[in-house]
Amino acid sequence: MSKNSFDEIYKKIIKKSGQPLPGFESLVDESNIKRAMKIYHYLEERAQRLNVPCDNCFDRKARKPFTHGVYETPWDENETIKHFCSEECETAYLYEDDFSYFTCQECEREICRQNPRNGWHIQYRDYDSEEVCLQCYQSLILENGIEEEKLEKGEIPGMFFSFGNTEALQAGYEEVPGFINFYVSGKSDANKFIAEALKHIKGGKKVVIGYESMAIGGLEGYVTLLEKDGENIEYALRHKSMDSRGN
């Protein structure tokens with residue numbers, strides 16, 4: 001039994017108390033219970049305090065129940081521990097701030113949506129109608145290629161790989177001549193790039209897109225198209241099934 005448990009505190013109070021007058025036993029006992037409860041709650045609350053300020057308000061000391069582990073970037077191996085003084089501060093910091101956190105549907109980690117270390121890099125993507133972090137998105141597209149449906153909607157789905165698109169090249173992808181560091185500044189450029197990507201996908205290839213540089217807001221930028229030799233099994237099976245139904 002903990003020395004600060006209610007029972008231990010109550011026993012200490014009884015031990016130090018004098019004997020109640022006859023007929024007042026129940027009143028004294030009730031008073032001792034209230035006193036023990038008050039001391040117990042005070043000690044419990046004090047034990048929860050941490051010697052660090054709240055990460056949200058900075059005014060109050062953080063408390064143990066509101067300690068929260070999150071990932072600042074998808075590439076971090078270890079959690080960053082955040083300390084809060086209350087549930088309100090915890091919610092405001094993690095889920096209402098500009099740099100809010102989300103749960104990746106692939107790896108189930110809580111990750112900041114926007115890289116807090118550079119202030120602008122978006123760290124999640126939509127893949128198969130689920131929000132996934134960039135690390136998981138990279139694994140998914142290197143394995144399966146980008147989603148054809150997004151290209152058909154006029155999107156150019158991709159990500160910033162390491163310099164020179166190292167990850168894609170190591171996964172067996174090759175850069176498509178004429179679409180390396182391709183400059184997209186308007187709808188005409190985008191349509192040309194998308195048409196090329198769709199051509200390779202319909203030819204049974206897996207395709208990924210590397211962002212080389214991007215203007216703030218994504219209004220223009222340089223992108224590279226990469227394809228992987230070998231049949232895109234998922235695509236081929238889907239279209240074979242469609243063809244058989246058509247016949």
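Note that the coordinates shown come from a computational prediction; the quantities given were computed from them, not determined experimentally.
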Greater than 12 external heavy atoms within 6.0 Å of Glu79's CD: yes

Taking the side chain as every heavy atom from C-beta outward, state whether Met159 and Gln138 have any pair of such atoms under 4.5 Å apart. yes

With sequence neighbours excluded, give me every side chain to side chain donor-acceptor pair (under 3.5 Å) pair touching residues 50-59. Asn51-Lys61

Start with the C-alpha distance between Phe182 and Tyr222, add both sets of side-chain angles, then the distance that settles side-chain contact (heavy atoms from CB on, under 4.5 Å), and finish with yes or no. CA-CA 5 Å; Phe182 185 86; Tyr222 292 86; over 6 Å; no

Specify whether Tyr211 and Phe160 have parallel, tilted or perpendicular ring planes, treating 30° as the upper limit for parallel and 60° as the lower limit for perpendicular. perpendicular

Mind checking salt bridge (Lys or Arg N to Asp or Glu O under 4.0 Å) for Glu152 and listing every partner two or more places apart, or none if nothing turns up? Lys202

CD1 (Ile156) and CD1 (Ile209) are apart, to the nearest 0.5 Å, by 6.5 Å

Answer whether the closest heavy-atom distance between the side chains of Cys57 and Cys85 falls below 4.5 Å. yes

Single-linkage hydrophobic cluster Leu198~Val223, side-chain heavy atoms < 4.5 angstrom: yes

Considering non-hydrogen atoms only, spot the tightest contact between Cys133 and Arg109 and give its length. SG-NH2, 3.7 Å

For the student: nearest non-hydrogen atoms of Phe99 and Asn115, plus distance: CE2-O, 3.8 Å

How many angstroms lie between atom OG1 of Thr224 and atom OH of Tyr173, to the nearest 0.5 angstrom? 15.0 Å

Closest heavy-atom pair, Gln123 versus Pro116, reported as atoms and distance to 0.1 Å, is NE2-CD, 4.3 Å

Just so I know, are the side chains of Glu175 and Glu227 near enough to count as touching, which here means a heavy-atom distance under 4.5 Å? no

Write down the atom of Ala62, the atom of His83, and the distance for their closest heavy-atom approach. CB-CB, 3.4 Å

Same cluster (ILVMFWY, side-chain, under 4.5 Å), Leu140 and Leu225: yes

Members other than Ile122 in its cluster, when Ile, Leu, Val, Met, Phe, Trp, Tyr link by side-chain heavy atoms under 4.5 Å? Tyr71, Phe102, Ile111, Tyr124

Rounded to the nearest 0.5 Å, what separates atom CD in Glu196 from atom CG in Asn191? 13.5 Å

Side-chain donor/acceptor of Asp189 to backbone N/O of Lys192, under 3.5 Å: no

Are Val176 and Ile194 connected, step by step, through hydrophobic side chains (Ile, Leu, Val, Met, Phe, Trp, Tyr) whose heavy atoms are closer than 4.5 Å? yes

Rounded distance (nearest 0.5 Å) linking atom CZ of Arg60 with atom OG of Ser86: 5.0 Å

Distance-only side-chain donor-acceptor flag, Tyr183 / Glu220, under 3.5 Å: yes

Write down the atom of Glu87, the atom of Phe66, and the distance for their closest heavy-atom approach. N-CE2, 3.5 Å

So does Ile141 get a backbone contact from the side chain of Asn144, meaning a donor-acceptor N/O pair under 3.5 Å? no

Examine Phe84 together with Tyr93 and report whether their ring centres are nearer than 6.0 Å. yes

Residues Asp229, Lys206: salt bridge by 4.0 Å N-O rule: no

Can any side-chain N or O of Thr166 pair as donor or acceptor with the backbone N or O of Phe163 at less than 3.5 Å? yes

Check: Lys228 and Val207 side chains under 4.5 Å, non-hydrogen atoms: no

side-chain contact (heavy atoms from CB on, under 4.5 Å) between Asn165 and Glu212, worked out: CA-CA 8 Å; Asn165 298 307; Glu212 304 294 348; 2.8 Å; yes

side-chain hydrogen bond (donor to acceptor under 3.5 Å, both in side chains) evaluation trace for Ser162 with Glu167: CA-CA 7 Å; Ser162 298; Glu167 294 83 0; 2.4 Å; yes

Please round to the nearest 0.5 Å and tell me the distance separating atom CG of Leu50 and atom CD1 of Ile81. 11.5 Å

Atom pair CG (Leu142) and CG (Leu169), whose distance is rounded to the nearest 0.5 Å: 10.0 Å

Answer yes or no: is there an ion pair linking Lys82 with Glu72, defined by an N-O contact shorter than 4.0 Å? yes

If you define the side chain from C-beta out and look only at heavy atoms, does anything of Leu94 sit under 4.5 Å from Glu90? yes

List the steps and the verdict of side-chain contact (heavy atoms from CB on, under 4.5 Å) for Glu174 and Leu226. CA-CA 5 Å; Glu174 297 179 355; Leu226 301 99; over 6 Å; no

Which of Thr80, Thr73, Asn78 passes side chain to side chain donor-acceptor pair (under 3.5 Å) with Asp76? Answer is Thr73

Glu131 bridged to Arg113 by N-O distance under 4.0 Å: yes

If you take all heavy atoms of Glu110 and His68, which pair is closest and at what distance? OE1-NE2, 2.6 Å

Would you say Thr91's side chain and Glu88's backbone share a donor-acceptor pair under 3.5 angstrom? no

